[in-house]
A.B. asks: 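Encoded as structure tokens, here's the structure I'll be asking about.
Just so we're clear, the structure is a prediction, and the values are computed from it rather than from any experiment. We name chains A, B, ... by the order of the sequence lines, and we start the count at 1 in each one.
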Protein chains: 2
Amino acid sequence: MIDDEPAICRALRINLTARSYEVKTASDGASGLATVARERPDVVIVDLGLPDMDGAEVIRGIRGWSTAPIIVLSARENEVTKVAALDAGADDYITKPFGMDELLARLRAAVRRATPAEDAPVVVTDDFTIDLAAKRVRTNADGEIKLTPTQWQLLEVLVRNRGKLVTQRQLLHDVWGPAYSTEANYLRVYVAQLRRKLEPDPSRPRYLLTETGMGYRFENESVAAGS
Amino acid sequence: MIDDEPAICRALRINLTARSYEVKTASDGASGLATVARERPDVVIVDLGLPDMDGAEVIRGIRGWSTAPIIVLSARENEVTKVAALDAGADDYITKPFGMDELLARLRAAVRRATPAEDAPVVVTDDFTIDLAAKRVRTNADGEIKLTPTQWQLLEVLVRNRGKLVTQRQLLHDVWGPAYSTEANYLRVYVAQLRRKLEPDPSRPRYLLTETGMGYRFENESVAAGS
DNA sequence: CAAAGGTGTGAAGAAGCCGTGAAAATGCTG
DNA sequence: CAGCATTTTCACGGCTTCTTCACACCTTTG
């Protein structure tokens, strides 16, 4: 937050911190730019009418090397100023006085836009790599592995719960649907198929583990230290 | 633009057309959603207070399957309405009466934000070159290739997700719209057409790969070193 | 030590999916 | 309105995938 009015700064800091945003403040353009450079914020809130620099200057200074959303606060209704700020690279422009709820909503909108929903869905083991997003598996030995839809779904459920035990019941429910809670042989058949394709030694599984009487577990102890 | 006031509609249309935006209008929520589904606009402007639907409903309806920026116009200063619209997925909220210059500036900001990731609008393979921006394909053998609109859209979705598997569902959704989630034969027909035009050996595809039961994948393993 | 339940195989028929060519319907242009 | 390009629909053979089953193996339990 780059703002020279202590009152607004304090009000915002309190409200934002209460919603578990992390807030850093600067009170003029120069130190604002420095802070942005240092802290790499996810969003920047800039008050126009800073003591040392023109608002559009500050915005351009940030845009020169960051694509973080910039929200401008200003007392000035003046349309020319708004247009200048927006064209300099600002993402939103709020006129004072403003409601805190509106600011927060605009903040959420800005963050939402900037976050392209990337949850790193790639699991790497010593023997193969699973890319959940691309729906793709390759082994270090043979390269690309082809999985059938059911095989893939089963693997996906297990990998999404990696480390945890997944009940037979739940696996059947998630892969075959609510009507198949009893057909436990499906699991045996398909787990065997996956082991044949993924495990270095299918008869002694290292990743797709059986928990007798309960279900299965995908384990990826990066092994690291032998023994 | 979804707006039921003819005066505003006309004013906007004139101003936007003059700046060489292409404008489509709808005068109520239902036809607005239909128009968005059909036209695939780059930005949507929605007036709240439509005759048939709640504003937030319209926004959610669009957000359900499009990520195009949505700018809301409204006569209501009411903060609750603003927050509701923004949290429903709107990107900006402008209170009437507004200055045309401000609207245009916010429009530019919205479009600018929405078009960042053009990280490689030209895809080159060993056999052909796809220019996403210019919407053109040329093969090394025959030169320029003509694609029909549907063929192009399908190819575009696949290429934008190159390397990733794209579900049949998603392809139908993105190319034909939200109502066609089941017509999987369309895909077979059009993929075959694309293969006939692009693949060196259409019966043994190298780029447009089938993942039986799941979907299709555009692959461009520059072939590179064998083994 | 024998019985019982749960698990890992391999194989075979059934079911469903894909590629294909072509015809009917639709929309567009002049 | 005719002529053309495009989209939608359909039915077939060939192939992949799913389901089902029988049997061997293991571990636990009385």
A.B. asks: Which pair of non-hydrogen atoms, one from V72(A) and one from A85(A), has the smallest distance, and what is that distance?
C.D. replies: CG2-CB, 4.4 Å
A.B. asks: Could you tell me whether the side chains of Y207(B) and D127(B) share a donor-acceptor contact shorter than 3.5 Å?
C.D. replies: yes
A.B. asks: Rounded to whole Å, how long is the line connecting atom OH of Y186(B) with atom C1' of dC10(D)?
C.D. replies: 12 Å
A.B. asks: Got a sec? Which of residues 209-218 of chain A come in under 4.0 Å of DNA chain D, heavy atoms?
C.D. replies: none
A.B. asks: Taking atom CZ of R136(B) as the centre, report whether more than 12 heavy atoms of other residues, nucleotides or ligands fall under 6.0 Å from it.
C.D. replies: no
A.B. asks: In Å, rounded to the nearest 0.5 Å, how long is the span from NZ of K82(A) to CD1 of I94(A)?
C.D. replies: 11.0 Å
A.B. asks: Write down the distance between CH2 (W176(A)) and P (dT20(D)), rounded to a whole number of angstrom.
C.D. replies: 11 Å
A.B. asks: Under the criterion side-chain hydrogen bond (donor to acceptor under 3.5 Å, both in side chains), which of N220(A), D126(A), T125(A) is the partner of R206(A)?
C.D. replies: D126(A)
A.B. asks: Between the protein and nucleotides 21-26 of chain D, which nitrogen or oxygen pairs are less than 3.5 angstrom apart?
C.D. replies:
none

A.B. asks: With ring centroids as reference points, do W152(A) and Y190(A) lie under 6.0 angstrom apart?
C.D. replies: no
A.B. asks: Rounded at 0.5 Å granularity, tell me how far OG1 in T95(A) sits from CD in E102(A).
C.D. replies: 8.5 Å
A.B. asks: Tell me which of K146(B) and E183(B) sits closer to the 5' end of DNA chain D, going by the nucleotide each one is nearest to.
C.D. replies: K146(B)
A.B. asks: By the 4.0 Å heavy-atom rule, please label Q193(A) as base, sugar-phosphate, or nothing.
C.D. replies: nothing
A.B. asks: Using the C1' atoms of the five pairs at each end, what is the angle between the end axes of the helix from dC1(C)-dG30(D) to dG30(C)-dC1(D), to 10°?
C.D. replies: 40°
